[in-house]
Amino acid sequence: MTEPLHPSPAEYTWPERGHRRLIGKRISRVDGPAKVSGKATYTYDVHRPGMLYGKILRSPYAHARIKSIDTSAAEKMPGVKAVHVIQGPGTEIFWAGDEIVAVAAVDEPTAEDAIRSIRVEYEILPHLVIDTDPQRAGDLAKPTAEEVVGDPDAAFQQAEVIVEGEYGLPVITHCCLESHGLVAEWEDEENLLVHISTQAVSSIPNQMARPLGIPAGNIRVKMDHIGGGFGSKFSPDRWGIVAARLSKMAGGRPVKIMLERDAELMVAGARPSAYGRVKVGAKKDGTLLAWESTSWGTGGMGGGGRPPLPYIFEIPNQRKQHTAIMNHIGSARAWRAPNHPQACLLTMAALEDLAAELGMDPLDFFLKNIALTGRRAEIYRQELQIAADLIGWKKHWHPRGDRSRGPIKRGLGLAIHTWGGRGHASNCDLTIHPDGSVEIKLASQDLGTGTRTGITIVAAETLGLPMDRIKVMIGDSRYPPSGPSGGSTTIGGVSSATRRAALDALDQLFAKVAPALNARPEDLEAVQGRIGVKGDPSRSMSWEQACARLGGMPLTVRGRNPGPGHLTGSGVGGVQMADVSVDVETGVVKINKMVAVQDCGLIIDMKTAESQCYGAMIMGIGYALYEEKIMDQLTGRMLNPNMEFYKLAGLGDVGELIVHMMTGPGYDERGVIGLGEPPVISPGAAISNAVANAIGVRVPYLPLTPDRVLEALHKKGGHHATH
Amino acid sequence: MRDHRPSDGRAASLSRREFLKISGLSLSLPVVTDFRVIRVAGAEVKIFGPGKVPVTLNINGKTYTAHLEPRVTLLEALRDAFHLTGAKRVCDRGTCGACTVLMDGRPVYACSVLAIDAQRRSITTVEGLMNEGRLHPIQRAFIDNDAQQCGFCTPGFVVACKAFLDKNPHPTPEDIRKGLGGNFCRCGTYMGIRAAVLQAAGMQKGGASHD
Ligand code: FES
Ligand code: FES
């Protein structure tokens, strides 16, 4: 590898507006043809010679101790090649669905038969799987100390209007369409090859090394495509280690374990719940004065997250206390924008209730208090105005409770959100071959967010080449390490590393060709497939001619993030508004229209950026209206570990969606910022607020199912005002 | 012809789903057997399994054969026996549409059809939609409208959209909302899919060759 030159940091910049040929345009994703034709290979599609199928016996009990395990019938079964006890007699089990025994067999039906033949005796222990009442949790409730900001008691005294309400959202699951899983195979005694569905190609080897007792460098991880992760696929998981062990037991034959749908929903992904009793106070003119909240939630034995309350609005006087409930459900995993959707609902719903009590339009109320949002106040103000225009807020908004005749009530609601999204650590090797071909290697992954496309755009833009001249290779742990794809950090990381690599590579190429063009290297530019002297089109040569001057050796340059120059930023703001209709006879909520206005710094590909926002809104409609991991306290089991009763939003459920991306002066200069999390934060709150506006009463908990809507209408309660 | 083995009458009176379950409980024998015929209420009924039986499928115009247990679904046969992995396995019980293929031109959930029942039918998978290496207009429209993110639901949606457009060449947005409710996407690509269907329908209207 050649040492890169070191231009001064100021030179590592994004091209100026007006000089961007590809960046920010609407470009179709580069792996679109592979995906639409069925050729894209996912871990689930990997088929290796001699491959065995692994299956796992799971605990039917939420809390139990294993007394005995009898695997003798499975071991004798023809076609069964390995049986591995994962948790042996004496072990305490903490959730239904936990892994007990694994088998590997020549085909799936045989593996299923083997699992069914295993006998396990359990001592059943008391369990807790519900989370709506911290009182019932006893010892499993872990309260944290109360936090106080300012003087909440005095502020509530001063407040002219105070509302109190209860709000919450249950545990939901990730429900990736490609379940978790892998194919593990020993290439020899010491070396393991793993195809795995993961958000963290570079960090899986290290996570598997210790349990398997081999160096991380002996583990190679590969993944071309992944069928969804959303925060749930950072670890090899216990079944990953188990697949490697089964493979070892079977003489190194590849073992494939892909979770069945019920296991996927029971154990492989959960977003922590959050509930809270919230009290907010303001002056009559709407000035926010005081916040008080008692919140709780669960994420299984880990206790779950802690929503940052109050969300975004830094109300000057606060008292807040949170209790984590540890219960016997599959453990929580990061779910797009951890803790933010929960905090957003608890805050935005309380504020909207307060606005209703004040008799204020919540849009005016938010604008009135916009200074409390801090340094992004101006962004929110602009975004609120744009969103209001797009949804027709001034025309359609009415005070709480649609007084029109008939059972269909219409309402508008809004919410705002924020997220970080600075680019993660990323390394890439960009190689220019003497024949002019270009390849980029990095151990990143494309979750469907358009990572491959973003890297291709940045390299092509920088090198002045068409996109089809750039070959991007990701998804192999042998490539330069790149961070896990979580927290909206990927696009900032990989685009910055690629930009630096491409700029450095160009510098070296310019140095090689400058003499032939009778110019200084710094006077050269790469545009439209040619290298030439800036401002003198007569002195140029084709990209191929230039690359031929590299001699026999390709030029490889390592690009890194973080690094010199301001290429990635952090801290975005977004606004969403929802227009809903509620049938007060059936309780059915229908989305008429939703608007998302979002900033994310410099946008690399407008088309995939908009797709992130549409997708996030749709996922948000799902958790606002349909999704809930329903736990049965009697049996300790999940009642809906399937897709009939764990409901996702369908194509007909989502209404009209509008996305507006903030671009141009004031936005582009902030560098590239990730977008996976922010737009998924607001939908629950915006839709809940719209429903309250439509029917005149708060439905306290998501999802806003017909029974909950009808119950709220029946009670005509949810908050009480005190003056 | 009559077969007197006692389990036959019981198996023959069961629905396909129950039959799937029961044969799952029995020991699978790595022996290849043919079917037996029994008489139930005056009709002759073929009994397969529980061992493997020869299965011949016509997929994308080609003939594929394998020895499979009768409980093996069309989806498992496509993916595991014939390595046609375009159709995806997600819910494995007829809810999500990720496994959608065409059987005699009609969309079916391949996870909910037994491979032995798909014999003598013409099966088209997403792999069969391309024509001499050229993408089908609906595939082109999916790319143009970014109707895929992770892409795991995409093959099922592409096939479902093809079947939908064959039946409704000039759909309204309302037709699309109703007609494509049998597939789920977790990434939320429905806006792109709606636009893709309208684009592909527009091409059809223009008389562009479709198949
Ligand atoms: S896998 Fe067949 S419908 Fe879901
Ligand atoms: S694109 Fe990911 S599930 Fe549809």
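Residue numbers start from 1 in every chain, and the chains themselves are labelled A, B, ... in the order their sequence lines are given, proteins ahead of strands. Computed from a prediction, not measured in an experiment: that's the story for all the values here.
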message: Cation-pi check for A/Y44 against B/R79: NZ or CZ below 6.0 Å from the six-membered ring centre and within 45 degrees of the axis, yes or no?
response: yes
message: Please rank B/V158, B/D146, B/V159, B/L180 by heavy-atom pairs under 4.5 Å with chain A and give me the top one.
response: B/D146
query: Side chain, backbone, both or neither: which part of B/T95 has a heavy atom under 4.5 Å from chain A?
result: side chain
field: Which portion of A/T41 sits near chain B, non-hydrogen atoms under 4.5 angstrom
entry: neither
Closest-packed option against chain B by number of heavy-atom pairs under 4.5 Å, given A/G228, A/G652, A/S37: A/S37
- prompt: For chain A, which of B/P155, B/C187, B/G86 has the most heavy-atom pairs under 4.5 Å?
  reply: B/C187
- prompt: In terms of heavy-atom pairs under 4.5 Å with chain B, which of A/P33, A/G229, A/G79, A/S117 leads?
  reply: A/P33
- prompt: Does B/R120 reach the main-chain N or O of B/D117 with its side chain, forming a donor-acceptor pair under 3.5 Å?
  reply: no
field: Closest-packed option against chain A by number of heavy-atom pairs under 4.5 Å, given B/N145, B/T154, B/L84, B/I193
entry: B/T154
field: Options B/R194, B/Q149, B/E76, ranked by heavy-atom pairs under 4.5 Å with chain A, top entry
entry: B/Q149
task: Please name all residues satisfying ring-ring contact (aromatic ring centres under 6.0 Å, His included) with A/Y53, sequence neighbours left out, ordered by chain then number.
output: none
statement: Max heavy-atom pairs within cutoff under 4.5 Å with chain B, candidates A/A616, A/G227, A/A34, A/A40, goes to A/G227
task: Please work out whether the ring planes of B/F152 and A/Y42 are parallel, tilted or perpendicular, with thresholds of 30° and 60°.
output: perpendicular
message: I'd like to verify something: which residue of A/R29, A/M643, A/H47, A/H174 has the highest number of heavy-atom pairs under 4.5 Å with chain B?
response: A/R29
statement: By ring-ring contact (aromatic ring centres under 6.0 Å, His included), A/F645 pairs with (sequence neighbours left out) none
task: May I ask you to name which of A/M258, A/E610, A/E627 has the most heavy-atom pairs under 4.5 Å with chain B?
output: A/E627
- prompt: So which of B/L135, B/L129, B/D144 has the largest heavy-atom pair count under 4.5 angstrom toward chain A?
  reply: B/D144
- request: Verify the distance criterion only: is there a donor paired with an acceptor across the side chains of A/D113 and A/T110 at less than 3.5 Å?
  value: no
Among A/C176, A/S179, A/C175, residue most engaged with chain B (heavy-atom pairs, under 4.5 Å): A/C175
task: Against chain B, label A/H225 side chain, backbone, both or neither, depending on which of its atoms sit under 4.5 Å from a heavy atom there.
output: neither
- prompt: If we ignore angles and hydrogens, is there a donor and acceptor under 3.5 Å between the side chains of B/T125 and B/E127?
  reply: yes
query: Any sub-3.5 Å donor-acceptor pair from A/Q199's side-chain atoms to A/K233's backbone N or O?
result: yes
task: Could you tell me whether B/R89 and A/E108 make a salt bridge, using a distance below 4.0 angstrom between a side-chain N and a carboxylate O?
output: yes
